[in-house]
Structure formats: structure tokens, C-alpha cells
Amino acid sequence: MATRNEAHERSWAFDPVLLGHHECNAWVAYYRHEWLRFLVAAVGMVSTGFGMGPRRSLLGAWHVLRANQAWAPFPVNDPDAARVSMRRFYALVRSSRRLAIDPDRAATLEVTWWDVHRRHQHDEGVTGDELVETLNALYAYVYDARPERTRSAAEHRVAAMDLSDEWVRAGRRLHDPLIGRERRALVASYTALRDASDRGHA
């Protein structure tokens, strides 16, 4: 049976530029409620980020899509349904990549940062540092790395979220230069995350 370290070594050789590109496309599609475009981007994210084959990447992307559709309505959404779908996603990741993660815990951590981000969007009392902390908890757990190593990745991704939120407030235009800035922040995040996971046990 593979140790967590061995699984870690097999799993995180992703391309941060390609992954950041796919995630930026997914965020744009999410906020425009263009769900087919979101699914296409999610397939790219799952395939690039977790190295699964086409069928499993499509199934994983479907779970991510359903989670986001459950989460998207505002102000009333369905966080329980979002967690169920993300649990299915992380169970698929665990079985595909032989990772020693608990899908329930990973799904809870995932939806927790979604919740903090939403409150950060609409409540000035919820700080960016709180969002960084909740996202970093997910990163450190899933990528099996020390939190101090993954924090930079979380900070860059929160910066991308802030740009995305600014883009939403500005009207969600497809040719807004904010999208390019968001994409660069996501690439920086995944570059830092790949570096942190590579050295997670150093």
C-alpha cells in the first residue's frame, strides 16, 4: 500500500500555467452562470491538477460543477448539497491517485473557504486574512504540506479572488483587463503550491 508521501510524489507534477488558465476560465463561467463553459474548464482543471484519465476527469468535473451550482445562488444556497458533491469529487481523487485523504474532511475544508469567501464579498468585517487561513487549511491537508509552505499559494489565490470580485462588480465583461490580472495571480498561486508540495516533507 502506498504511503502518503509516495502518493504525494506521484500526484503534484502539474503545470501551474495551464491550471491557472483553466481555473480563471471556470471562475469567469461561474459568475456568468455559463455552466457548459464551466464544465469544460473544470475538466481541464481536474485533468491538469490531478492527472486522471479522460473519463475520471469528466466525472470529477461533473461533481465540481454540481457543487458550484448548489453553492452559486445568493443569498440562499445549498451548502449541504455542495459538500456532498465535493465529497464525491475527493473520493474520486483519493481512489484515482491513492491519496491518504478523508473525502469528508477535504469537502468540509473546501466548502468552508467558499463560505468565508462569500462572507468576505458581502461583509467588510470578514478579512482577507481569514480567507487565506481557511484556504490554506485545505491546501496543507490535501497537498500534505506544512501550512507555512502553502500560505504563499493561498495568499496569491485570495488576491485572484479579490480581482475576480472586482471584475464582478465592474459588470462581468469578457474583455475586461481584470481577467488577465486574475489569471496571472492564479498562475502565481499554483506555482507556489507546486513548489510547496514538492518540498512538503523537506
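These values consider heavy atoms only, across backbone and side chains, with no hydrogens, waters or symmetry-generated copies.
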For a quick test of your reading: what N or O donor-acceptor pairs under 3.5 Å do the side chains of residues 60-74 make, sequence neighbours left out?
from: Arg66; atom 1: NH1; to: Gln69; atom 2: OE1; distance (Å): 2.5
from: Asn68; atom 1: ND2; to: Val64; atom 2: O; distance (Å): 2.8

Quick one: [atom1] on [X] to [atom2] on [Y], what's the gap to the nearest 0.5 Å?
| X | Y | atom1 | atom2 | result |
| --- | --- | --- | --- | --- |
| Met161 | Leu135 | CE | CG | 5.0 Å |
| Arg172 | Leu178 | CZ | CG | 13.5 Å |
| Leu131 | Glu133 | CG | CD | 10.0 Å |
| Asn136 | Arg151 | CG | CZ | 6.5 Å |
| Ile179 | Arg184 | CD1 | CZ | 11.5 Å |
| Leu109 | Asp102 | CG | CG | 9.5 Å |

Checklist entry - Can you list every pair that meets ring-ring contact (aromatic ring centres under 6.0 Å, His included) and has a residue in residues 171-194, with sequence neighbours left out? => result none
Which side-chain N or O atoms in residues 51-58 pair as donor and acceptor under 3.5 Å with protein atoms at least two apart or in another chain?
from: Arg56; atom 1: NH1; to: Ser95; atom 2: OG; distance (Å): 3.3
from: Arg56; atom 1: NH1; to: Ser96; atom 2: OG; distance (Å): 2.6
from: Ser57; atom 1: OG; to: Met52; atom 2: O; distance (Å): 3.0
from: Ser57; atom 1: OG; to: Gly53; atom 2: O; distance (Å): 2.9

Could you tell me whether [X] and [Y] make a salt bridge, using a distance below 4.0 angstrom between a side-chain N and a carboxylate O?
| X | Y | answer |
| --- | --- | --- |
| Asp115 | Arg118 | no |
| Arg173 | Asp176 | yes |
| Arg157 | Glu23 | yes |

Is there a donor-acceptor contact under 3.5 Å from the side chain of [X] to the main chain of [Y]?
| X | Y | result |
| --- | --- | --- |
| Thr112 | Thr108 | yes |
| Ser164 | Ala160 | no |
| Tyr143 | Arg194 | no |

Report whether [X] and [Y] are members of the same hydrophobic cluster (ILVMFWY, side-chain heavy atoms less than 4.5 Å apart, transitive linking).
| X | Y | value |
| --- | --- | --- |
| Leu138 | Leu186 | yes |
| Val126 | Trp113 | yes |
| Val168 | Trp27 | yes |

Do any side-chain atoms of residues 34-48 form donor-acceptor pairs under 3.5 angstrom with protein atoms, and if so which ones, sequence neighbours left out?
from: Glu34; atom 1: OE2; to: Arg32; atom 2: NE; distance (Å): 3.0
from: Glu34; atom 1: OE2; to: Arg32; atom 2: NH2; distance (Å): 3.2
from: Thr48; atom 1: OG1; to: Gly44; atom 2: O; distance (Å): 2.8

Item to check | Set of residues satisfying side-chain hydrogen bond (donor to acceptor under 3.5 Å, both in side chains) with respect to His117, sequence neighbours excluded | outcome: Asp165
Got [X] and [Y] here, is their nearest side-chain heavy-atom distance under 4.5 Å?
| X | Y | answer |
| --- | --- | --- |
| Arg83 | Asp104 | no |
| Met86 | Trp114 | yes |
| Glu130 | His120 | no |
| Tyr90 | Ser85 | no |
| Arg87 | Val84 | no |

Checklist entry - For the residue pair Phe14 and Leu19, what are the closest heavy atoms and their distance? => result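 The pair with the smallest heavy-atom distance is CD1-CD2, 3.9 Å.
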Item to check | For Phe89, ring-ring contact (aromatic ring centres under 6.0 Å, His included) partners two or more places apart | outcome: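 ring-ring contact (aromatic ring centres under 6.0 Å, His included) list for Phe89, sorted by chain: Phe50.
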Checklist entry - Would Asp80 and Asp78 count as a side-chain contact (heavy atoms from CB on, under 4.5 Å) if you check the C-alpha gap in whole Å, the side-chain angles of each, and the deciding distance to 0.1 Å? => result CA-CA 6 Å; Asp80 290 337; Asp78 193 345; 3.8 Å; yes
